[in-house]
Amino acid sequence: MALTAPEREPRTDADENTASSVEEAFEALSAAAPEGWRVELIEGEIHVVPPANGEHEEIVSELSGQVRDHRRDLGRFTGVGLLVPGASPTGKVVPDLVIAPKGSFSDQLEYHDPGPVMLVGEVTSDSTADNDRGPKLRGYARAGIPFYLLVDREKGHVILYTEPSGERYTRDVGVEISKTITLPEPFGFDLDTGEF
């Protein structure tokens, strides 16, 4: 689907800064994106992501539900924007699922500091899998997000990344989809991927 950016005043500044140009393009595409489409800026590249399919949303719903069943004190957010430092000039991403204390995003901002985030979850799609396995993995680690749960539908497994250090997570545990994977404290329960 073609997206049309809104009209902008021409720039006459000869020293136009690349980060500013990328930010302006991102803002224009975000404003023009059709309902349900997401625009993300990951490691300096703008990605326009189509709406997720039913299977994808069922998995996100199941993840959210299992967290709710075990930790009613935590908020489960879909569609919340995060500012992930170093992922790009602006670091704007929208994870499939964000787990944080309730009230963490009760302001009017579109993109939030990832400080209160306890876990991000991504469910791969054909159009997002490479970003979920690479740039987002590095960005979430750089942001210091303690847990990154990747449901890789194409490869048929679930990986929990923990202990972020620099651009990487120093530990990861993976299981085939259909098995259980332990979410350690502060979650303290086994996630049943057989429900996916």
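Fair warning: this is a prediction, and the values are worked out from it, not measured in the lab.
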Item to complete: For D190, look at atom CG and say whether over 12 heavy atoms of other residues, nucleotides or ligands are found less than 6.0 Å away.
Response: yes
Fill in: Flag side-chain contact, heavy atom, 4.5 Å: V175 against H157
no
Worksheet item: Is it the case that one hydrophobic cluster holds both I159 and L97, taking links as side-chain heavy atoms less than 4.5 Å apart, direct or via other members?
Response: no
Worksheet item: What pairs of residues pass the side chain to side chain donor-acceptor pair (under 3.5 Å) test when at least one of them lies in residues 169-179, not counting sequence neighbours?
Response: E163-T170
Worksheet item: Would you find a donor on one side and an acceptor on the other, under 3.5 Å apart, between the side chain of H56 and the backbone of V123?
Response: yes
Fill in: Side chain to side chain, V84 and R142, heavy atoms closer than 4.5 Å
no
Discussion item. Under the rule for side chain to side chain donor-acceptor pair (under 3.5 Å), what residues qualify as partners of D192, not counting sequence neighbours?
Written reply: none
Discussion item. Set out, in order, the CA-CA distance, both residues' side-chain angles and the distance that settles side-chain contact (heavy atoms from CB on, under 4.5 Å) for D113 and L83, then state yes or no.
Written reply: CA-CA 5 Å; D113 182 295; L83 290 170; 6.0 Å; no
Worksheet item: Would you say the side-chain atoms of K136 pair up with the backbone N or O of P95, donor to acceptor, closer than 3.5 Å?
Response: no
Item to complete: Using the test ring pair (Phe, Tyr, Trp, His ring centres under 6.0 Å), find all partners of F196 that sit at least two apart in sequence or belong to another chain.
Response: none
Worksheet, complete the sentence: Tested for side chain to side chain contact (heavy atoms under 4.5 Å, CB included) against L150, the lone hit among L137, V158, D132 is D132
Discussion item. Ring centroids only, cut at 6.0 angstrom: are F77 and F105 within range, meaning strictly under it?
Written reply: yes
Practice prompt. Answer with yes or no whether the hydrophobic clustering places Y140 together with M118; edges join I, L, V, M, F, W, Y residues whose side-chain heavy atoms lie under 4.5 Å apart.
Written response: no
Worksheet entry | For the student: nearest non-hydrogen atoms of T124 and R153, plus distance | O-NE, 2.7 Å
Practice prompt. Just do the side-chain contact (heavy atoms from CB on, under 4.5 Å) check on Q66 and E195 with the steps written out, would you?
Written response: CA-CA 10 Å; Q66 287 191 44; E195 295 297 317; 3.9 Å; yes
Item to complete: Give a yes or no on whether Q108 atom CD has more than 12 heavy-atom contacts from other residues, nucleotides or ligands under 6.0 Å away.
Response: no
Discussion item. Restricting to non-hydrogen atoms, name the atom on P164 and the atom on A141 that form the minimum distance, rounded to 0.1 Å.
Written reply: CB-O, 3.5 Å
Worksheet item: Minimum heavy-atom separation for V117 to A100, with atom names?
Response: CA-CB, 4.1 Å
Worksheet entry | Ion pair R133/D152, N-O distance below 4.0 Å | yes
Worksheet item: Of all heavy-atom pairs between K102 and R72, which one has the smallest distance, and what is that distance?
Response: NZ-O, 2.8 Å
Worksheet item: Are Y111 and I99 joined in one hydrophobic group, where the rule is that I, L, V, M, F, W and Y side chains link up if heavy atoms are under 4.5 Å apart?
Response: no
Worksheet item: Rounded to the nearest 0.5 Å, how far does OG of S125 lie from CG of N131?
Response: 11.0 Å
Worksheet item: If we only count heavy atoms from C-beta on, is the H112 to L109 side-chain gap below 4.5 Å?
Response: yes
Worksheet item: With the 4.5 Å side-chain cut-off for hydrophobic clustering, are L160 and V120 part of the same group?
Response: no
Response to the item:
For L63 and L191 the tightest heavy-atom approach is CD2-CD2, 3.5 Å
Worksheet item: Do you know the tightest heavy-atom contact between E185 and F147?
Response: O-CZ, 3.7 Å
Item to complete: Please check if V151 and F189 belong to a single hydrophobic cluster, counting links between Ile, Leu, Val, Met, Phe, Trp and Tyr side chain heavy atoms closer than 4.5 Å.
Response: yes
Fill in: Side-chain donor or acceptor of S104 paired with backbone N/O of P116 under 3.5 Å
no
Worksheet item: Between the main-chain N or O of G103 and the side-chain N or O of S106, is there a donor-acceptor pair closer than 3.5 Å?
Response: yes
